[in-house]
Amino acid sequence: MSGIDFKTKFNFQRPFSPPIEAGDEYDVIRQFESDRGRIINSAAIRRLQQKTQVFPLEKNAAVRSRLTHSMEVQQVGRHIAKEVLHRLRKAGRIESLGLTESTDPFESVVEMACLMHDIGNPPFGHFGESAINNWFAKRMDTASIESGGAAFESCRPGFLCLDGQDAELDTLRKKVRVDLCHFDGNAQAIRLVFALLKLNLTYSQSACILKYTRPAYWAGKPLDEFSYLMKKPGFYLSEEPFIRRLRDELDLGEFHRYPLTYIMEAADDISYCIADLEDAVEKDIFTVEQLYQHLKREWKDQQPGDLFESVVDTAYQKMDRAKTFRNPVDYFFMELRVQTVKQLVPHAAKRFISNLSSIYSGTFNQALLEDDSQSNRLLEIYKSVASKHVFNHYEVEELELQGYRVISGLLDIYSPLLDMPLAEFTQLVEEDTHRDYLIETRLFHKLSSKHRLAYSEAIAKLADASEAQRQVSEYYFRARMIQDYISGMTDLYAYDEYRRLMAAE
């Protein structure tokens, strides 16, 4: 375990601030407390209260939003962090691992990463992601790239097609086309924190939400040694310079993950599996009794003393005994959650410590709870029941299809901004109007100031680029601005905006 010094992983410098000098231990703690304040008071966290977890446009406040889910993940993440530190302290390893003055930051960084883990999700969850990606895939026509082809005459706009005459320019075109067709909530979270909201978080806090480590423009297969860490986009082309700097500041290798991100991911895995089942009961998709039978069938070969008996059976039996003094459904899920957390949190902590060397370096190529244990098996049966009986329920599917249509429709509505020639769009941005593009002017006025500012700042950095590179990059940031605006909407706002602009009210 030599070479592990967690003190170097708690970098309290900030990307938009001059270097900070910290004196005593409390000065360091104060920097991470500042992160907590910036995150909790951010608009992105507030918007989570009107973004879906499973059931879009849900009016029942007892059914989880992204915010209530994130608060639950925050608590489980805190629990795992404390369990890890307790075990290390009990083993007398806190000092040797460089954690003597870093236990408070350790807990705080995990907690805030858990609270932020969903801030990049668009309206309607994964169906919102699919709508954005499918819409841009048709517009960009990325089939040629992903199949290894070069030129595509039908590609729109033409200057994004690959012509083979300038290798550097063609590489940029390829990256732009693929990047725009791989919108992902995880990558959008990085963009929100850095480019849009400019929370100016410490490098450590930002790194902890970098769940996956490949760029969105990656067109090939993930590298075998990082296949899990690279399975989804982690950041966009637009944030690549920031990610490089973050890696340098924290001494992270390419495609390596920040060590505490593994804890955030485990907390999410534990939380959402139970939450989805509880929300399904709240929505009358099935009863607790039916849920118990579904879980029992998925476990299959139940044995005395196994995890199913100690978790699911225990919760179910206690529910039956509790009928005389409280709501049995509420009691069942309280017990199911308590027993699940009781078993899985120590398992996650043990896995973290057992694989500490590769986790510290960021090369551990799997999730903490991804093993052949009964703990992982329990999570898998929760997921399986949700997949078979919740996500394919007609009400959920109907709402998801509505969400898909809403996001696709909004992209259609705002697409005239992408069709404007560069010179004309530049005039619109600079003068805030263009008399020859009246529809585009009104659409532009609807974009929020922070998205327009992020676009202008990105364009200002293209002054030294060639004309061809500037044209390609400008289109990229213009498209990114549209994605930023629509993905930042809440479910209800997106739904209402679509109806208003389609004159459907």
Side-chain angles (χ1 to χ4, degrees), residues 52-55 58 60 62-64 68-69 72-73 75-77 79-80 125-126 265-324 326-351 366-397 399-400:
T52 183
Q53 181 60 21
V54 175
F55 301 93
E58 178 55 50
N60 182 351
V63 176
R64 287 166 178 80
T68 48
H69 162 67
E72 292 171 350
V73 177
Q75 173 56 29
V76 177
H79 195 168
I80 298 173
H126 294 306
E265 180 181 49
D268 186 26
D269 287 343
I270 293 171
S271 301
Y272 84 80
C273 292
I274 303 172
D276 293 348
L277 300 177
E278 185 175 10
D279 287 348
V281 171
E282 181 71 29
K283 290 284 293 179
D284 293 324
I285 289 178
F286 43 55
T287 65
V288 168
E289 290 75 15
Q290 290 170 328
L291 170 59
Y292 174 75
Q293 293 302 324
H294 290 325
L295 293 171
K296 194 171 184 177
R297 277 193 294 271
E298 288 296 323
W299 189 267
K300 294 175 184 175
D301 54 340
Q302 188 176 350
Q303 301 293 327
D306 65 11
L307 208 56
F308 187 91
E309 180 181 79
S310 60
V311 174
V312 183
D313 274 346
T314 297
Y316 193 65
Q317 290 163 10
K318 285 187 176 182
M319 177 193 76
D320 191 57
R321 294 197 296 267
K323 289 179 180 177
T324 57
R326 65 176 298 171
N327 183 307
V329 173
D330 290 347
Y331 193 75
F332 169 77
F333 280 107
M334 183 189 76
E335 279 297 324
L336 185 67
R337 189 176 300 104
V338 166
Q339 296 302 328
T340 299
V341 168
K342 180 181 177 182
Q343 296 291 336
L344 269 61
V345 164
H347 182 70
K350 183 179 178 181
R351 287 266 291 165
Q366 57 182 265
L368 281 184
L369 298 172
E370 187 181 74
D371 58 3
D372 57 1
S373 67
Q374 287 196 9
S375 296
N376 182 51
R377 186 179 171 195
L378 184 65
L379 284 186
E380 289 304 316
I381 71 164
Y382 290 164
K383 294 176 186 177
S384 180
V385 170
S387 177
K388 292 178 180 178
H389 303 284
V390 181
F391 302 143
N392 64 355
H393 188 265
Y394 75 91
E395 182 180 349
V396 176
E397 290 187 341
L399 289 168
E400 287 173 336

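What you see is a predicted model; the values in this text were computed from it and never measured. All residue numbers in this chain count up from 1 along the given sequence.
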>> Does the plane of the ring in Y316 sit parallel, tilted or perpendicular to the ring in F332? Use 30° and 60° as the thresholds.
In response: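 The rings of Y316 and F332 stand perpendicular, inter-plane angle above 60°.
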Taking atom [atom1] of [X] and atom [atom2] of [Y], what is their separation to the nearest 0.5 Å?
| X | Y | atom1 | atom2 | result |
| --- | --- | --- | --- | --- |
| I80 | R351 | CD1 | CZ | 12.5 Å |
| M334 | D330 | CE | CG | 9.5 Å |
| Q317 | E335 | CD | CD | 11.0 Å |
| D313 | K318 | CG | NZ | 12.5 Å |
| Y272 | D279 | OH | CG | 14.0 Å |
| K342 | H79 | NZ | NE2 | 11.0 Å |

[X] side chain to [Y] main-chain N or O, any donor-acceptor pair under 3.5 Å?
| X | Y | result |
| --- | --- | --- |
| Q339 | L336 | no |
| T314 | S310 | yes |
| S271 | D268 | no |

Contact summary for [X] and [Y], nearest pair of heavy atoms:
| X | Y | value |
| --- | --- | --- |
| L369 | A348 | CD2-CB, 4.0 Å |
| I381 | L295 | CD1-O, 3.8 Å |
| A280 | V390 | CB-CG2, 3.6 Å |

> Can you name the residues that form a salt bridge (charged side-chain N to carboxylate O under 4.0 Å, His left out) with E278, not counting sequence neighbours?
Replying inline: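 Partners of E278 under the salt bridge (charged side-chain N to carboxylate O under 4.0 Å, His left out) test: R64, R337.
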>> Assess the residue pair M319 and E289 against the criterion (side-chain contact (heavy atoms from CB on, under 4.5 Å)); give the C-alpha distance rounded to whole Å, side-chain angles, the decisive distance to 0.1 Å, and a yes or no.
In response: CA-CA 11 Å; M319 177 193 76; E289 290 75 15; 3.9 Å; yes
Contact between [X] and [Y] at the side-chain level, heavy atoms closer than 4.5 Å - yes or no?
| X | Y | result |
| --- | --- | --- |
| L291 | V385 | yes |
| N376 | L344 | no |
| L378 | V312 | yes |
| L307 | S375 | yes |
| W299 | Q374 | yes |

> So, S384 and E298: side-chain donor and acceptor under 3.5 Å apart, yes or no?
Replying inline: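 E298 and S384 do have a side-chain donor-acceptor pair below 3.5 Å.
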> Does the side chain of D276 pick up a donor-acceptor pair with the side chain of Y382 at under 3.5 Å?
Replying inline: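 Distance-only check fails for D276 and Y382.
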>> More than 12 heavy atoms of other residues, nucleotides or ligands under 6.0 Å from NZ of K350: yes or no?
In response: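 No - once you tally the heavy atoms of other residues, nucleotides and ligands closer than 6.0 Å, there are 12 at most.
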>> Which residues pass the side-chain hydrogen bond (donor to acceptor under 3.5 Å, both in side chains) test with H347, not counting sequence neighbours?
In response: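 Partners of H347 under the side-chain hydrogen bond (donor to acceptor under 3.5 Å, both in side chains) test: D371, S373.
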> For Q75, which residues count as a side-chain hydrogen bond (donor to acceptor under 3.5 Å, both in side chains) partner, sequence neighbours excluded?
Replying inline: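 Partners of Q75 under the side-chain hydrogen bond (donor to acceptor under 3.5 Å, both in side chains) test: none.
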> What residues, two or more places apart in sequence or in another chain, satisfy ring pair (Phe, Tyr, Trp, His ring centres under 6.0 Å) together with H294?
Replying inline: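 Testing H294 for ring pair (Phe, Tyr, Trp, His ring centres under 6.0 Å), a comparison that skips the adjacent residues, returns F286, H389.
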> Who are the ring pair (Phe, Tyr, Trp, His ring centres under 6.0 Å) partners of F333, not counting sequence neighbours?
Replying inline: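 With neighbours one apart ignored, the set is empty.
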>> One pair to check against side-chain contact (heavy atoms from CB on, under 4.5 Å): H69 and V73. What are the steps and the verdict?
In response: CA-CA 6 Å; H69 162 67; V73 177; 3.4 Å; yes
>> Please evaluate residues L368 and E265 with respect to the criterion side-chain contact (heavy atoms from CB on, under 4.5 Å), reporting the C-alpha separation (whole Å), side-chain torsions for both, the decisive distance (0.1 Å), and the verdict.
In response: CA-CA 8 Å; L368 281 184; E265 180 181 49; over 6 Å; no
> Stepwise, does the side-chain contact (heavy atoms from CB on, under 4.5 Å) test hold for L379 with D269?
Replying inline: CA-CA 8 Å; L379 284 186; D269 287 343; 4.2 Å; yes
> What salt bridge (charged side-chain N to carboxylate O under 4.0 Å, His left out) pairs are there with at least one residue in residues 300-312, not counting sequence neighbours?
Replying inline: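 For residues 300-312, and leaving out neighbouring residues, the salt bridge (charged side-chain N to carboxylate O under 4.0 Å, His left out) pairs sorted by first residue read D301-R377.
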